[in-house]
Amino acid sequence: MRLFASIITSIAITGGIWGAVFLQPVAANVTEKNVIKRQSETSIQSSKLEQTTNDEKKTLRGVTQTIPLKAIDKLWNTFYEQSVANKSLPDSVKQLIVIYQNFNPDYSEAKVTIGYEAQSNNPDNVVILFPPEKQMNVVLSQGKHTDEQLTDAWSKINFSKQVKAVVEVHHLNQHGLPDSSQLSVYYK
Amino acid sequence: MIEFMSQAFSESTIIHIETWLDNYFFLIAAAIFLFELIRYRFQHKLSWNLIGDSATNLVTLCFLLVTLFFVGLAYISAFFYFYQHVSITHLPTTGWTIIGCLILADLAYYWEHRFLHSNGFAWGTHSVHHSSPHFNISVAYRFGPLDWFFPFFFHVPLVMLGFNPFLVLLCETVVQLFQTLLHTEMVKKFPRPIEAIFNTPSHHRVHHATNRQYLDKNYAGILIIWDRMFNSFAREDENVKYGVFPQINSVNPFKVYFIGYAKLIVELWHAPSWGYRLQLLIKPPIWAWTQNQTKDKQ
């Protein structure tokens, strides 16, 4: 084979193998330690999200940060420090919402917001675009679940489809602690 | 199995595997070299020249490690720069990705190796590796002064395609370590299916040969299929002689390490024109040798 043909063949082989790797089904691994990007600062700010038709705007008060999924515990701690420890969590709050959006290509990192629904007139609140309900697929229906069950539910998400958002809803008991949860996924 | 191959590995796991290979493979190579020395002894081929040549090989390895101490950080930093700013995506480091990266790293190595043989500038460093008149596992550790330089340009495209830089480095290492085991005369030929697909000691003896029909053949790292595909394959059909033209005939590690570029610099200095100088750098090394042979005859 001549040199030029060899190079073209090599490019074609490279494209084929790369394509196969790119299209492989990816399992989300919430305990994965594959940190690639630096964590952004924790902040309560308006998020800039692409709004597609029929997305629903909800105002949440809480924390939002782009983090590796394995660092979710840290964000929970931050939320508790800012809300619960400061006794700024209103008694009327009955559920906490965790929404994962803007996943990176290998689903190891996402923009995560932990908060509760609040009035839209407070500039400190975060405006989140929720996909329409008709796109919602319940992965784990509401009930008392262990952390392990919640983690297992993540593995049922089909990441080969494009995931728009994953939403955890934690219902609070009279003491303000989560006692039942629901996990849903929104595909594009 | 499918689930295992789809599991993502962390960067720290990849680094851990690379470190383990770097640390322990050398011990395996040393054990094999001991067997080779015993074999040489029984064949009455053990000589001071061979021992000196092997010691020289290890000294050139030390030269390379010292160089890497200074340039290694820049190398990996450049990889990460391309990964962060130029790569078209970031691929998850799963088992399938590792296999894909390994195959592409092997293909990249084929072209890098072919490049090293195809022009005077690159041959200046690679000729060091070929200059030994012997063929044993210590020759695998015979390195030239710029052996760290050229791999970057052939492997950075993998980073740009989205493979994690640490994974690309690991695959580069695996391709190199595989070839270490090929530098031996202890193994004649493997069964035909293995000889058909993989690079073997037999194929690599051909690569190191100075037999005319074996020049510039068998550039492969792990898979010999690239040579079969791209018309650079030759089968070992006769006894081979090792080394380069002209033979270096020295076990001085400094002479061995620098003679490739020393000769090139002398030739560049004495070149009759700038066009000739350019050809010395870009044409295959056999061109310069042919010019010198013609000059000597005249």
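Atom set for the values below is all heavy atoms of this structure, side chains included, hydrogens, waters and symmetry mates excluded. Note that the structure is a prediction, hence the values are computed from the model and not measured. Naming convention: chains lettered A, B, ... in sequence-line order (proteins, then strands); numbering from 1 in each chain.
Counting heavy-atom neighbours within 6.0 Å of A/Q162 CD, excluding the residue itself, gives a total of 12 or less. Heavy-atom neighbours of B/F198 CZ from other residues, nucleotides or ligands within 6.0 Å: at or below the threshold of 12. When the shell of 6.0 Å around CD of A/E148 is examined, it contains 12 or fewer heavy atoms from other residues, nucleotides or ligands. Taking a 6.0 Å sphere around CG of A/L23, one finds it holds more than 12 heavy atoms contributed by other residues, nucleotides or ligands.
Atom OG1 of A/T14 sits about 8.0 Å away from atom CG of B/L158, to the nearest 0.5 Å. The distance from atom OG1 of B/T97 to atom CD1 of A/I17, rounded to the nearest 0.5 Å, is 12.0 Å. A/W18 contributes atom CH2, which lies 11.5 Å from atom CG of B/L104 (distance to the nearest 0.5 angstrom). Taken to the nearest 0.5 Å, the OG atom of A/S10 stands 4.5 Å off from the CG atom of B/L107.
For B/L161, the parts lying under 4.5 angstrom from a heavy atom of chain A are both the backbone and the side chain. Contacts between B/Y110 and chain A at a heavy-atom distance below 4.5 Å are absent for every atom of the residue. Using a 4.5 Å cut-off between heavy atoms, B/I98 makes no contact with chain A at all.
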>> side chain to side chain contact (heavy atoms under 4.5 Å, CB included) for B/H90 and A/N104? Distances and angles first, verdict last.
In response: CA-CA 8 Å; B/H90 287 177; A/N104 69 345; over 6 Å; no
> Can you check side chain to side chain contact (heavy atoms under 4.5 Å, CB included) on A/I7 and B/W111, steps first, answer last?
Replying inline: CA-CA 9 Å; A/I7 292 171; B/W111 284 108; 3.9 Å; yes
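Contact residues of residues 282-292 of chain B toward chain A are absent (heavy-atom distance under 4.5 Å). Contacts from residues 222-230 of chain B to chain A, taken as heavy-atom pairs separated by less than 4.5 Å, involve B/W226, B/M229, B/F230 in sequence order.
Sequence neighbours left out, the pairs with a member in residues 194-215 of chain B that pass salt bridge (charged side-chain N to carboxylate O under 4.0 Å, His left out) are B/R205-B/E236.
For the pair B/W96 (side chain) and A/Q24 (backbone), a donor-acceptor distance under 3.5 Å is absent.
The two residues A/D106 and B/P92 make their nearest non-hydrogen contact at CB-CB, 3.4 Å.
Contacts of A/D73 classified as salt bridge (charged side-chain N to carboxylate O under 4.0 Å, His left out), with partners at least two apart in sequence or in another chain: none.
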